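Numbers restart at 1 for each chain; the letters A, B, ... are given by sequence-line order, proteins then strands. Quantities reported herein were computed from a predicted structural model and do not represent experimental measurements. Computation of the quantities below employed the complete heavy-atom set of this structure, encompassing side-chain atoms and omitting hydrogens, waters and symmetry-equivalent molecules.
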Amino acid sequence: MREKLVLIDGHSILNRAFYGVPELTNSEGLHTNAVYGFLNILFKILAEEQPQYLAVAFDLKAPTFRHKMYDAYKGTRKPQPPQLHEQVPVMKEVLTAMGVPLLMKEGYEADDLLGTVAKRMEKEGLDVSVVSGDRDLLQLATEHIMIRIPKTKRTGTEIEDYHAKEVLEKYRVTPPQIIELKAMMGDASDNIPGLPGVGEKTATKLVVAYGTIENACAHVEEIKPTKAKNAFLEHYDLAVLSKKLATIDTDSPIDFVLEDARLTDLYTPEAFALFKKLEFKNLLGRFQCDAPDQKIEQYFYAVEDFGEAEDVFAQAAGAALVSFSVISHKGEVKGISLGWEKEKIYYIPAQGFVTDQYLCEKMTEVLEKADAAVTMNVKEQLSYLHVEKKNLFDAAIAMYLLNPLKDTYAYEDIAKECLDLLVPSVQELLGKEDFGSEDEKAVKNAACYGTYTCLEGKAKLEEKLKENGMWDLFKEIEMPLVYTLYDMEKAGIKADGEALKQYGEQLSGRIKELETTIYDLAGETFNINSPKQLGVILFEKLQLPYGKKTKTGYSTAADVLEKLAPEAPIVSHILEYRQLAKLKSTYADGLAGYIAADGRIHSKFHQTITATGRISNTEPNLQNIPIRMELGRMIRKVFIPEDGFVFVDADYSQIELRVLAHISGDERLIEAYREAQDIHRITASQVFHVPFDEVTPLQRRNAKAVNFGIVYGISSFGLSQDLSISRKEAAEYIEKYFETYPGIKQFLDQSVADAKEKGYVTTLFGRRRPVPELSSSNFMQRSFGERVAMNSPIQGTAADIIKIAMIRVNERLKAEHFRSRLILQVHDELLVEAAKEELDMVKQILAEEMHGAANLKVCLEIDMHTGENWYEAK
DNA sequence: ACCGTCACG
DNA sequence: ACGTACGTGACGGTA
């Protein structure tokens, strides 16, 4: 049996992968799509062929002989896009890490290296596969040298294989004759001139008839198409040059030691580290990683008896910095890990000799005594630790501030980014069981890795936060907010389950009626909730004109249907059905499932999710309870205060626009805010040059839309959609707006310029948002980046401000021992459940703290209401 | 798991 | 020519 060698044309495959795989970057903004695509092709080929040897050829930068000939002939080569160019060294690094030899030689193209090695190894008795996107290489094909050309198709990557036989079948010439063919017909992409007027058809005919250029020339008088004959007579030199250009040198003086190319284990620790850095998460599964981590794991101790546990806690209490984690799964404490020096990290399981209660009490004591403590996800652990002292450092939040674009913040990221260390993730150690796993050793290791990385990484995180100007933000806003959010989650909001049920039943009744009507009008029953089926009914059966299309079919979105409503009565029924179905499923039924035993809904607030610094809310999301439509708004009546309490709801009035006025420093807008109660009206008056009292409702509406648009990172298209006007008109509005408020225009431009230069934008309080999209080659992506650069400082600063207000309101309510509690935040709004006798004080506190959260050039106004339910209070 | 849709600021 | 407003989360349907 012949051994097999796979040779890969590095640049060619990287190039192909670059254009075949959609844009992909890691969280640092490094482009990775080509490397990713290359690896996928590589793994596919290795799986198919199971070769014994593998090598990859690259051109070196220095111009090669053939390029020089070409350059002399006609200008320079096409430049590589920078997004691809930056991936070349990464690709080489990855291959080297996997132990794959790189074939490179100054003055030789990859083609020549591939040809030389292929022929040489064929002689040694090997089967050789050459993988390239370049059809030039077909000249190398023989019985034992197979040329493999990957093609990206909709179904994935397919590979065309060519031995000599297939070349002959497909091109009607032998592999060496491919050179003659190319030389005659030329190749624009390879910059081979060829003979003028000779294309693929004629060239093939001539090669089949005469075999070579030289022989064709010898019979030049017989050549049939006169065009080709004349080309030969006048441009023979061009054909000879082309042939030289097209011929691959199969006898390059390169050193190739077959044994170096022997395939051993590609999945080395070095490769694993690189894959992690590149964030090729679905390729990581190919590695079995335990070896590189054993050095750290030897520091992990499982505490085995009560005396030892006591001892560990006692020592920890005296430490300057304690790293710890309460390990829990589905609300049950499994154990605690802690450590204060890197060589000794302990895991104390809550079983046998100690109870979970004992552990939590001791841990609380330690935290109260220790100077400082670090962990990840403090808020999730607070229910087990009744700490008064707020001296915890949440490493996950630190990571979030350093890069808010990531999906998750786990200890392995700290290890990678702060310690240059590769550690296995919880997922890798415990699988999807998580900390519910029965594997005690793995649980210990997972817990201790977290404690170890936090202990070692804290100083670096602190340093990075300081370097990036976010230390105050972390210390004064984000960390205190953790405790505020914990209090809010614990408090929850009371919901009237009975009222919710009635509301749902009321909806059901109307939904049934609508269903009947819709089926009747459609002439058949179908699933109205299926956009696909609905599309077929509306646009095929009923022949309504379709507006937009989505990837999967016709769009049936509300804005499309609204335009269609006059065409057919069914459409407005569908719109109503949709509205009610949404209310029923998401709100009536959805919320009911979240009412806890105490009659309250305890939804979760998330502090490390959004790119801008806002808080997000889930299980359920109470930040998107309906309000705009009356029917939906009614659901707010089920949110009620405890007996003896009322709701106080306070929201900032146009906080984002006020923030914009402040940051941009635009005098006119600032002045407008100092004077007018109705900012949209005064904007209309100034932009359209009409007296304040003569602004028409339409002008006000338009001005309001522009104000919103500005905050979102204005585009004429977006505004035109919003106002249903032409793009040109929208552009005129924007232009007028910028003429009126030149400071705003300047600020927005500056934001984009800063983002382009520095790669990120910042809020008034120093929060950063990276904007990697700005360096994209894709117009859409880049435009998105520009809007992000305009919007994030505004949205983010507003988020910072309300966070400050929340912390202060909560602190004052607690410090002054009120029974009233802050229970919800909805971006620019705070909801307090106030004891009736404390109402006046609560209103006072809310007003003071929200107002005073930031000192801007315009004042921060709030609107405040009280009520017996959330509907009334808003 | 992903898409389309739609609720909020 | 490209095909968009910024930021979220939940649902039902479909692959």
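Nucleic acid contact for A:Ser715: base, since at least one base atom lies under 4.0 Å from a heavy atom of the residue. A:Ala799 comes within 4.0 angstrom of no nucleic acid atom, judged by non-hydrogen atoms across all strands. A:Ile609 comes within 4.0 angstrom of the backbone, heavy atoms only, and of no base. Counting non-hydrogen atoms under 4.0 angstrom, A:Gly709 reaches a base of the nucleic acid. Nucleic acid contact for A:Asp651: none, since no nucleic acid atom lies under 4.0 Å from a heavy atom of the residue. A:Ala789 comes within contact range of no nucleotide atom at all, as no heavy-atom separation falls under 4.0 Å. Counting non-hydrogen atoms under 4.0 angstrom, A:Phe708 reaches nothing in the nucleic acid.
Between A:Arg727 and A:Glu732 there is no salt bridge, since none of the side-chain N atoms of the basic residue sits less than 4.0 Å from a carboxylate O of the acidic one. Using a cutoff of 4.0 Å between basic side-chain nitrogens and carboxylate oxygens, A:Lys541 and A:Glu524 are scored as salt-bridged. A salt bridge between A:Glu786 and A:Lys756 is present, with a side-chain N of the basic residue lying under 4.0 Å from a carboxylate O of the acidic one. The pair A:Glu380-A:Lys604 does not count as a salt bridge, with every side-chain nitrogen at least 4.0 angstrom from each carboxylate oxygen. Using a cut-off of 4.0 Å between Lys/Arg side-chain N and Asp/Glu carboxylate O, A:Lys548 and A:Asp559 are scored as salt-bridged.
C:dA5 sits 13 Å from B:dG4 when the P atoms are compared, rounded to a whole Å. Look at the C1' atom in both B:dA7 and C:dC2: the space between them is 31 Å, to the nearest Å. Nucleotides C:dT4 and B:dC3 are separated by 14 Å at their P atoms, to the nearest Å.
Within a heavy-atom distance below 4.0 Å of DNA chain C, the residues of residues 761-782 of chain A found are A:Arg769, A:Phe779, A:Met780.
On the nucleic acid side, DNA chain C has its first and last nucleotide under 4.0 Å of a heavy atom of chain A at C:dC2 to C:dA15, going 5' to 3'.
Under the 3.5 Å distance criterion, with hydrogens and angles disregarded, no donor-acceptor pair is assigned to the side chains of A:Arg768 and A:Thr763. Counted by atom type alone, A:Glu861 and A:Gln654 present zero donor-acceptor pairs between their side chains at under 3.5 Å. Checking A:Glu729 against A:Ser726 by side-chain atom types alone, a donor-acceptor pair falls below 3.5 Å.
The two atoms that bring A:Ala650 and A:Ile862 nearest to each other are CB-CD1, 4.3 Å, heavy atoms only.
The aromatic rings of A:Tyr546 and A:Tyr554 sit tilted, their planes meeting at an angle between 30° and 60°. Ring pair A:Phe280/A:Tyr36 is tilted by interplanar angle, where 30° to 60° counts as tilted.
Residues passing the side chain to side chain contact (heavy atoms under 4.5 Å, CB included) test with A:Glu513 are A:Arg510, sequence neighbours excluded. With sequence neighbours left out, the side chain to side chain contact (heavy atoms under 4.5 Å, CB included) criterion links A:Val711 to A:Glu656, A:Leu657, A:Asn791, A:Ile794.
With ring centers used as reference points, A:Tyr741 lies under 6.0 Å from A:Tyr737.
Along DNA chain C, the nucleotide nearest A:Tyr594 and the nucleotide nearest A:Ser530 are compared for position; the residue whose nucleotide lies closer to the 5' end is A:Tyr594.
Taking a pair as Watson-Crick or G-U with both hydrogen-bonding distances under 3.5 Å, the stems of three or more pairs touching DNA chain C are B:1-9 with C:6-14.
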Problem - B/S/- contact track for nucleotides 2-9 of chain B, protein heavy atom under 4.0 Å - result: --SSBBBB

